[in-house]
Amino acid sequence: MFISNAYAADAPVGGAGGTMELIFMLVIFGLIFYFMIFRPQSKRVKEHKNLMSSLSKGDEVLTSGGILGKIAKISDENDYVLLTINETSEITIKKDYIAAVLPKGSIKSL
């Protein structure tokens with residue numbers, strides 16, 4: 001009496017066009033994901049691996065924790081490096097935690 005009946009709308013004609021739009025949108029999102037997220041991250045990982053392979057004894061490095069030190073001993077069979085922080089202090093860290101190699105003489109200039 002006060003409420004009118006609700007009827008379903010007719011199905012759209014040409015439902016195949018909606019599928020093509022969906023596929024096109026998924027391809028666009030895939031390309032955006034590749035160029036904005038995956039590719040830059042893989043470049044960073046490649047650069048870090050090159051940095052790890054180029055480390056040698058005597059290099060001055062900065063760790064991801066903010067520690068400056070000079071490499072005293074580097075071992076190829078395991079992934080650990082002995083860093084000399086000053087004349088009396090040495091620490092052992094994993095190679096993965098080295099963030100950057102500094103120019104020679106950086107520690108003395110501080």
- Task: Kindly give the heavy-atom pair with the smallest separation between Glu90 and Leu82, and that separation in Å.
- Result: OE1-CD2, 3.6 Å

- Message: Which residues end up grouped with Tyr80 if you chain together Ile, Leu, Val, Met, Phe, Trp and Tyr wherever their side-chain heavy atoms are less than 4.5 Å apart?
- Response: none

- Message: Check whether Glu60 reaches the backbone of Gly105 with its side chain - one donor and one acceptor, N or O, closer than 3.5 Å.
- Response: yes

- Counting N and O atoms only, with roles assigned by atom type, does the side chain of Lys43 sit under 3.5 Å from a partner on the main chain of Phe38, one being a donor and the other an acceptor? no

- Message: For Lys57, is the NZ atom crowded, meaning more than 12 foreign heavy atoms sit under 6.0 Å from it?
- Response: no

- Task: Would you give the length of the straight line joining atom NZ of Lys94 to atom OG of Ser64, rounded to the nearest 0.5 angstrom?
- Result: 12.0 Å

- Query: Ser56: what forms a side chain to side chain donor-acceptor pair (under 3.5 Å) with it, not counting sequence neighbours?
  - Reply: Asp59

- Residues in salt bridge (Lys or Arg N to Asp or Glu O under 4.0 Å) with Lys73, at least two apart? none

- Message: Which residues end up grouped with Ile85 if you chain together Ile, Leu, Val, Met, Phe, Trp and Tyr wherever their side-chain heavy atoms are less than 4.5 Å apart?
- Response: Leu51, Met52, Leu55, Val61, Ile67, Ile71, Ile74, Val81, Leu83, Ile91, Ile93, Ile98, Val101

- Sub-4.5 Å side-chain heavy-atom contact between Lys46 and Ser42: no

- Task: Sequence neighbours left out, what passes side chain to side chain donor-acceptor pair (under 3.5 Å) with Thr88? Give chain and number order.
- Result: Asn86

- Measuring from Ser53:OG to His48:NE2, what's the distance to the nearest 0.5 Å? 10.5 Å

- Message: Measuring from atom OG1 of Thr92 to atom CG of Asn78, what distance do you get when rounded to the nearest 0.5 angstrom?
- Response: 9.5 Å

- Message: Which residues end up grouped with Val45 if you chain together Ile, Leu, Val, Met, Phe, Trp and Tyr wherever their side-chain heavy atoms are less than 4.5 Å apart?
- Response: none

- How long is the span from the CG atom in Leu31 to the CE atom in Met36, to the nearest 0.5 Å? 12.5 Å

- Task: Measure the spacing between OG1 of Thr84 and CG of Leu68 and express it to the nearest 0.5 Å.
- Result: 13.0 Å

